[in-house]
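Whatever order the structure lists them in is the order used to number ligands and atoms, beginning at 1.
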Amino acid sequence: MPTSMPETPHVPHFIRGATLPSSGGDALRLTGPADGAPLGVLHPARTEVVAEAVGAAAAAHEEWGRLPVKERVQPLIRFRSLVERHLAELAECIHRENGKLRAEAEAGVQRGLEVVEFATALPGLLGAEVLEVSPGVDCMTRRHPLGVVAGITPFNFPAMVPMWMFPLAIACGNTFVLKPSEQVPSTPVRLGMLLRDAGLPDGVFNVVQGDRHTVDLLLEEPRIRAVAFVGSTPAARAVHQRGTANGKRVLALGGAKNHLVVVPDADPVATARSVAASATGCAGQRCMAGSVLIAVGDSDAIVEAIVSEMASLRPGVEMGPVISARARDRIVGCIDRAEASGAWVRLDGRGVRVSGGEQGFYVGPTILEGLEPGSPLLGEEIFGPVLTILRVDTLDEALEIENASPYGNAASIFTTSGAVARHFESRVRAGMVGINVGVPVPREPFGFGGWNESRFGVGDITGRDAILFWTQARKTTVKWTSRQTNWMS
Ligand code: NAD
C-alpha cells in the first residue's frame with residue numbers, strides 16, 4: 001500500500017482504506033493553475049463505484065456506530081499529529097491542484113485541524129442528559145449517529161472544507177463518503193491515507209471522485225442519511241432540494257457577496273491591510289472574501305490607502321492564480337463588462353504576466369469604481385481578486401445596500417467607534433460579522449455558516465450545531481419501581 005500520494009495520471013478513489021484507480025467513462029483533465037501543466041485525469045464515479053463506497057461505509061458502520069465516543073476519537077487524536085507532520089506535503093498537493101500559495105494552503109489545513117481538535121473534545125460535549133421527571137422515574141437523552149453520511153465540497157479549500165465535515169461526522173459515530181471537487185481531488189485521498197495510518201477502521205472514511213452526476217447518485221442513494229454540501233448557491237439550492245426530497249438531512253452552504261464598510265474614523269493602515277487581504281487572499285476565491293467596499297462619508301484617505309495596498313500585491317508572489325483558464329476568462333469578462341458599462345477600472349488585473357507562470361491562470365488585484373446602482377456586477381459573486389468601491393453618505397445607506405443582497409455570508413465594518421460598530425452589528429443581515437476584521441471566520445467552538453442564500457438548511461456546519469446535524473437524540477424514560485408515581489408513569 002503506498003504511503004504517499006502517487007503522482008498518478010489517474011486520480012484514485014479511496015474506499016475501504018485503499019486507493020482504487022478511477023477508470024471508465026469520461027475522463028476529466030486536471031491542469032495546474034500556476035503553470036498550466038497537465039496533472040492527470042479523473043474518471044468520475046458512476047453507479048458501481050458509488051455503491052461500492054456506500055457499501056463499505058454501511059458495513060463499517062455496524063461496528064463504528066457502536067463504539068463509545070471516547071474510543072472513536074482516538075484515531076482522530078493520532079490523525080491530528082500525522083497531519084501536522086505531513087503539513088508541507090499536503091500544502092504542496094493543494095498548491096499543485098488549486099494553485100494557491102503554499103502558505104495559504106498550510107493555513108487552510110491548520111484551520112481544518114481546529115475542527116479536528118474540536119471533534120477530539122467530543123467526549124466532553126456529547127454526554128447524556130439525565131433528569132428525574134417523576135419520583136423514581138428518570139428521563140435521559142443520548143445522541144446517536146445517523147449511519148452513512150456524505151460530504152460534497154468545492155475547489156477553493158481542498159483540505160479545510162472536507163475537514164469541516166468528516167472529523168465531527170465520524171467522531172459522532174457516522175461513516176463517511178466524501179465527493180471532493182473534481183478540480184482538486186487528490187488531497188482528500190491523502191487525508192484518507194493518514195486517517196488509515198492513524199488507525200481509523202477501513203470503510204469509516206471513503207472518497208469517491210466525481211462531478212455533479214456523481215452528486216446526483218449520492219443524493220439518490222437510500223443508505224445515505226445526511227449530506228453536507230459546500231459550493232455555489234445554485235448547486236447548494238439544488239442539492240438541498242433534491243436531498244431533502246429524498247428524505248435526507250441536508251445542510252448546504254452556498255456562495256456570497258460580502259460587503260466591507262469603512263467609516264472615516266477607521267484606522268487607515270490596519271484597514272487597508274485587512275481590506276486588501278480580504279479581497280485578494282486565495283486570489284479572491286473565498287466565500288468570505290470582501291467583494292464590495294462601501295466607503296461612508298469622507299473616507300478618501302482610507303480608500304487611497306486600500307488602493308495602494310492592493311496595487312503593491314504581486315501576482316505569483318503575494319497572490320496565487322485562479323483555479324482555471326475558464327475562471328480567469330469569466331473574471332476578466334466581469335471586468336470588461338464593468339468597463340463597457342462606464343465603470344472606472346482603478347486597478348486593472350487583466351493580462352498580468354508572471355515570470356515562470358506564463359501559462360498559469362493569473363488575474364491581478366483589481367478595483368472597480370463607479371458601477372451604476374443596479375448593475376448586476378454589484379450583486380453577483382465574481383469569485384476573483386476584484387473589489388468594487390461604492391460611496392455613500394451615511395452608515396444606514398451602507399446597511400441598506402448590504403441588507404438588500406440576497407446572500408448573507410459575511411459583512412465587516414472598519415471603525416474606531418464602539419457605538420458605530422454596535423449599530424452595524426445589530427442591524428446587518430449576515431451570519432458572520434467582522435468588526436475591524438476583513439475575513440470574520442468564526443473559530444471553534446463557534447460555528448461557521450451564513451444566512452439567506454448563503455445557506456440552505458438549519459444551523460452551522462462546524463461548532464456545536466454540527467454535533468446536532470450529525471446525530472439524532474434518543475429519549476429514554478426509566479423506571480425501576482413498581483409504584484404508580486403519578487398520572488404519567
Ligand atoms: P460548485 O458549486 O461549482 O461545486 C461544488 C461541488 O458541487 C463540487 O463538488 C461539484 O462537483 C458539485 N456540483 C457542481 N454543480 C453541481 C450541481 N448542479 N448539483 C450538484 N452538485 C454540483 O462550486 P466551486 O466552484 O467548486 O466552489 C466555489 C463556490 O463555493 C463559490 O460560490 C463559493 O462562494 C462557494 N463556497 C462557499 C463556502 C461557504 O462556506 N458558504 C465555502 C467555500 C466555497
Side-chain angles (χ1 to χ4, degrees), residues 28 30 33 42 44-45 50 97-100 108 111-112 115 150-165 177-185 187-188 207-220 227-243 246 248 250-258 281-291 322-324 326-328 330-331 379-384 405-410 430-432 439-442 447-457 459-463 465-466:
L28 305 175
L30 295 174
L42 176 157
V50 169
E97 290 186 353
N98 171 285
K100 66 174 71 183
R111 172 73 192 101
V115 184
I152 298 149
T153 52
F155 78 79
N156 61 336
F157 285 97
M160 184 187 81
V161 174
M163 288 166 89
W164 283 353
M165 301 174 180
V177 178
L178 176 73
K179 204 297 284 175
S181 163
E182 57 273 48
Q183 300 184 87
V184 293
T187 310
V207 180
V208 291
Q209 306 294 355
D211 52 13
R212 53 181 297 181
H213 302 298
T214 314
V215 176
D216 289 342
L217 292 170
L218 291 168
L219 295 174
E220 293 300 323
V227 175
F229 174 92
V230 176
S232 59
T233 284
R237 186 189 282 110
V239 166
H240 185 261
Q241 277 172 359
R242 191 160 183 178
N246 287 338
K248 301 182 195 315
V250 181
L251 176 61
L253 301 190
K257 186 80 178 175
N258 305 315
C282 300
Q285 301 169 114
R286 290 190 286 198
C287 67
M288 297 296 280
S291 178
V322 296
I323 186 71
S324 61
R326 192 159 154 231
R328 178 198 57 204
R330 185 184 50 74
I331 296 161
E380 74 189 59
E381 183 179 40
I382 297 176
F383 222 54
S405 168
Y407 296 108
N409 215 42
M432 295 174 278
V439 184
V441 172
F448 186 100
W451 288 0
N452 310 329
E453 300 211 344
S454 295
R455 180 195 55 187
F456 301 86
D460 292 329
I461 203 157
T462 63
D465 283 3

| task | Give a yes/no verdict on whether any heavy atom in S181 is under 4.0 Å from an atom of ligand 1. | result | yes
| task | State, with a plain yes or no, whether a side-chain heavy atom of Y407 is found less than 4.5 Å away from one of T233. | result | yes
| query | Does R330 have any salt bridge (charged side-chain N to carboxylate O under 4.0 Å, His left out) partners at least two apart in sequence or in another chain, and if so, which? | reply | none
| What protein heavy atom is closest to atom 15 (N) of ligand 1, reported as residue, atom name and distance in Å? | A235 CB, 3.8 Å
| query | Do any nitrogen or oxygen atoms of F155 lie less than 3.5 angstrom from nitrogen or oxygen atoms of ligand 1? | reply | yes
| request: Using a 4.0 Å heavy-atom threshold (strictly under), name the region of R455 that reaches ligand 1: side chain, backbone, both or neither. | output: neither
| Taking the six-membered ring of F157, is the NZ or CZ of K100 close enough (under 6.0 Å from the centre) and on axis enough (within 45°)? | yes
| said: For ligand 1, which is the ligand I care about here, please tell me if K179 has any N or O atom under 3.5 Å from one of the ligand's N or O atoms. | reply: yes
| request: Decide whether the shortest distance between a heavy atom of G254 and an atom of ligand 1 is less than 4.0 Å. | output: yes
| request: Verify the contact flag for atom 4 (O) of ligand 1, where contact means a protein heavy atom under 4.0 Å away. | output: no
| Is E182 touching ligand 1 with its side chain, its backbone, both, or neither, if touching means heavy atoms under 4.0 Å apart? | side chain
| said: Counting C-beta onward and ignoring hydrogens, is there a side-chain heavy-atom pair between R455 and L251 closer than 4.5 Å? | reply: yes
| Where does V239 meet ligand 1, judged by heavy-atom distances below 4.0 Å: at the side chain, the backbone, both, or neither? | side chain
| task | Taking only heavy atoms of P154 into account, list the atoms of ligand 1 that are under 4.0 Å away from them. | result | 5 (C), 24 (P), 26 (O), 27 (O), 30 (O), 43 (C), 44 (C)
| request: May I ask you to identify the nearest protein heavy atom to atom 32 (O) of ligand 1, giving residue, atom name and distance to one decimal place in Å? | output: E381 OE1, 2.6 Å
| remark: for atom 35 (C) of ligand 1, nearest protein heavy atom and its distance come out as G231 O, 3.1 Å
| remark: the protein heavy atom lying closest to atom 2 (O) of ligand 1 turns out to be S232 OG, 2.6 Å
| task | Give the ring-plane orientation class for F383 versus F155, where under 30° counts as parallel, over 60° as perpendicular and anything between as tilted. | result | perpendicular
| note | Quick note on ligand 1: atoms under 4.0 Å from a heavy atom of N156 include exactly 43 (C), 44 (C)
| remark: Taken in chain and number order and not counting sequence neighbours, the residues that satisfy salt bridge (charged side-chain N to carboxylate O under 4.0 Å, His left out) with R111 are E114, E444
| Nearest protein heavy atom to atom 39 (C) of ligand 1, by residue and atom, and its distance? | C287 SG, 3.2 Å
| message | Can you name the atoms of ligand 1, numbered from 1 with element, that are less than 4.0 Å from a heavy atom of V215? | response | 20 (C), 21 (N)
| query | Is it true that Y407 lies under 4.0 Å from ligand 1, counting heavy atoms only? | reply | no
| task | Show which atoms of ligand 1 fall inside a sub-4.0 Å distance from at least one heavy-atom site of W164. | result | 40 (O)
| said: Quick check for you: to the nearest 0.5 Å, what is the distance between K179 atom NZ and L218 atom CG? | reply: 8.5 Å
| note | Closest non-hydrogen contact found for S324 with A327 is OG-N, 3.0 Å
| task | Working to the nearest 0.5 Å, report the span between CE of M288 and CG of N409. | result | 6.0 Å
| Are any of the side-chain heavy atoms of L253 and W164 separated by less than 4.5 Å? | yes
| remark: Correct closest heavy-atom pair for S291 and K257 would be OG-NZ, 3.1 Å
| request: Using a strict 4.0 Å cut-off to heavy atoms of I152, name the atoms of ligand 1 that fall inside it. | output: 6 (C), 7 (O), 9 (O)
| So is F157 close enough to ligand 1, meaning a heavy atom under 4.0 angstrom away? | no
| said: If you define the side chain from C-beta out and look only at heavy atoms, does anything of P180 sit under 4.5 Å from T187? | reply: no
| message | What I'd like to find out is whether the side chain of E220 reaches to under 4.5 Å of the side chain of N246, using heavy atoms alone. | response | yes
| remark: of all protein heavy atoms, closest to atom 22 (C) of ligand 1 is R212 CB, 3.7 Å
| task | Would you check whether T153 has a nitrogen or oxygen atom less than 3.5 angstrom from a nitrogen or oxygen atom of ligand 1? | result | yes
| field | Atoms of ligand 1 close to L253 [distance to a heavy atom under 4.0 angstrom, numbered from 1] | value | 39 (C), 40 (O), 41 (N)
